[in-house]
Amino acid sequence: MDITTIGEILIDLTQTDTSANGVPLFAANPGGAPANVAVAAARLGAQTAFLGKVGGDGFGAYLRRVLKENGVDAAGLRTSSLPTTMAIVAVDQTGERDFRFVRGADRELSPEEVDEDAVLRSKILHFGSVSLTAGRARNATIFAARTAHRGGILVSYDPNYRAALWRNPAEAAEWMTIPLPLVDIIKLSEEELPLLTGVTDLEEGARLLEERGVALVLVTLGGDGCFCRWQGKAWHQPGIPVQIADTNGAGDTFFGAVLSRLCQRGANPLKDLTPAELKDILAFANRAAAFTCSRSGAIPAMPTLEELFDKEGGPRLP
């Protein structure tokens with residue numbers, strides 16, 4: 001297995017339009033950042049698996065089917081007596097999102113339900129910070145990260161801050177920094193950088209994360225691309241201009257693309273990685289994210305390899 005992700009899978013009730021009477025219209029899209037990463041990487045050629053929990057309801061059955069249809073191993077997806085978690089996503093005229101969560105099954109994954117063999121068979125274990133907010137899933141996520149770290153498996157982390165899930169920013173910062181000693185690769189937004197480092201400067205924030213043991217630091221900058229720090233060197237990777245339909249899932253597509261390309265390098269994806277190779281990987285990931293932004297929804301908008309390249313192998317632009 002290339003990548004195993006753990007955390008939330010849920011229904012994104014995403015605003016798609018308004019009726020003639022001005023009533024918001026929503027679509028029930030599959031989502032959840034770790035599940036999104038698993039699907040994005042699978043669509044781009046990686047072997048992926050997902051560990052998490054859904055309700056024994058129609059939404060849960062639908063999410064399980066979505067994973068399987070996209071080539072993600074769903075053997076580690078457990079079923080809870082609680083309903084499937086939902087995120088209500090309102091989208092403004094610029095494509096920016098506002099989240100409200102109705103939590104359920106995703107919080108109930110326990111350490112005993114984590115498939116340790118699946119973790120240790122992977123090249124990369126990936127998780128996010130939503131499953132660190134509360135409930136059994138917090139322990140399950142940290143357990144999986146520790147298992148991977150001790151087993152020599154690369155650990156990737158997305159501290160995706162959702163203010164509605166925390167009592168205050170201080171609590172979020174405390175829990176979001178706890179896993180850092182276990183992390184090899186991090187992807188965070190420009191807005192999340194101060195929560196983890198206390199600084200807004202990209203160079204200094206990335207350096208502080210590297211000091212804490214994170215080997216590869218990626219800071220996403222929306223349409224401006226991303227900022228990268230690797231082996232003491234830092235640079236800005238330009239983004240791809242695109243007409244935005246919906247930014248939901250763009251960061252997950254970017255990270256899934258990065259991880260899928262890293263896994264092509266063999267059993268140790270970061271070994272002997274050169275800046276030139278990494279720049280090519282980030283350019284590929286920025287293009288994948290741009291495709292997602294050009295369409296609505298999270299998982300439904302994610303591109304395949306065939307969409308990113310033409311018949312001659314050249315890059316397509318969204």
Side-chain angles (χ1 to χ4, degrees), residues 1-7 9 30-51 63-77 118-119 121-128 148 153-156 158 184-185 187 216 218 220 226 228 237 240 242 249-274 276-295 297-318:
M1 188 65 62
D2 290 325
I3 304 160
T4 295
T5 75
I6 182 170
I9 185 169
N36 290 346
V37 169
V39 170
R43 286 193 176 186
L44 296 173
Q47 292 183 322
T48 70
F50 177 78
L51 309 178
L63 291 172
R64 187 182 298 275
R65 186 170 71 250
V66 167
L67 290 177
K68 292 180 178 180
E69 288 174 350
N70 283 280
V72 179
D73 185 339
L77 183 61
V119 172
R121 287 196 304 268
S122 305
K123 296 176 184 176
I124 297 173
L125 174 79
H126 171 75
F127 71 99
I153 307 301
L154 286 180
V155 177
S156 76
D158 177 7
D184 301 289
I185 307 168
K187 188 278 295 180
L216 175 57
L218 303 171
T220 54
C226 68
C228 174
Q237 189 79 29
I240 305 294
V242 66
D252 301 326
T253 300
F254 170 85
F255 209 8
V258 169
L259 299 180
S260 71
R261 280 299 169 103
L262 286 175
C263 285
Q264 292 181 8
R265 303 188 71 255
N268 188 342
L270 293 181
K271 185 178 181 182
D272 299 326
L273 177 65
T274 66
E277 284 182 280
L278 185 52
K279 287 177 181 179
D280 286 343
I281 289 171
L282 296 179
F284 170 80
N286 281 340
R287 195 163 77 255
F291 265 84
T292 297
C293 287
S294 71
R295 303 185 283 206
I299 285 176
M302 292 174 176
T304 62
L305 278 176
E306 290 74 19
E307 290 178 302
L308 293 180
F309 295 100
D310 60 29
K311 292 181 180 179
E312 285 73 40
R316 286 195 178 106
L317 296 179

Drop me the distance from [X]'s [atom1] to [Y]'s [atom2], to the nearest 0.5 angstrom.
X: S294; Y: I240; atom1: OG; atom2: CD1; result: 12.0 Å
X: I9; Y: F50; atom1: CD1; atom2: CZ; result: 5.0 Å
X: T5; Y: L51; atom1: OG1; atom2: CG; result: 7.0 Å
X: C228; Y: I281; atom1: SG; atom2: CD1; result: 9.5 Å
X: I153; Y: I124; atom1: CD1; atom2: CD1; result: 10.0 Å
X: I3; Y: S260; atom1: CD1; atom2: OG; result: 6.0 Å

Quick one, [X] and [Y] - any side-chain contact, counting heavy atoms below 4.5 Å?
X: L278; Y: L216; result: yes
X: L154; Y: L262; result: no
X: F127; Y: V155; result: yes
X: V37; Y: L259; result: yes

I need the minimum non-hydrogen distance between [X] and [Y], along with the two atoms involved.
X: M302; Y: E307; answer: O-OE1, 4.1 Å
X: G31; Y: I299; answer: N-CD1, 4.4 Å
X: A49; Y: A38; answer: O-CB, 4.4 Å
X: A285; Y: V258; answer: CB-CG2, 3.5 Å

With [X] via side chain to side chain contact (heavy atoms under 4.5 Å, CB included) - residues at least two apart:
X: T220; answer: K187, S189, F254
X: Q237; answer: C226, W235, K279, L282, A283, N286
X: P300; answer: N29, P30
X: N268; answer: L270, K271

Counterpart residues, side chain to side chain donor-acceptor pair (under 3.5 Å), relative to [X] (two or more places apart):
X: D184; answer: none
X: R261; answer: none
X: R121; answer: none
X: T292; answer: T253

Donor-acceptor check, side chain of S122 to backbone of L125, threshold 3.5 angstrom: yes or no?
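Looks like no, no N/O pair under 3.5 Å.
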Which residues satisfy the salt bridge (Lys or Arg N to Asp or Glu O under 4.0 Å) test with R64, sequence neighbours excluded?
none
Show every side-chain hydrogen bond (donor to acceptor under 3.5 Å, both in side chains) that has at least one partner inside residues 34-48, sequence neighbours left out.
N36-D252, R43-N70
Would you check if there is a donor-acceptor pair between the side chains of H126 and S156 at a distance under 3.5 Å?
yes
Plane angle bin for F284 and F309 - parallel if under 30°, tilted between 30 and 60°, otherwise perpendicular
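Ring orientation of F309 relative to F284: parallel.
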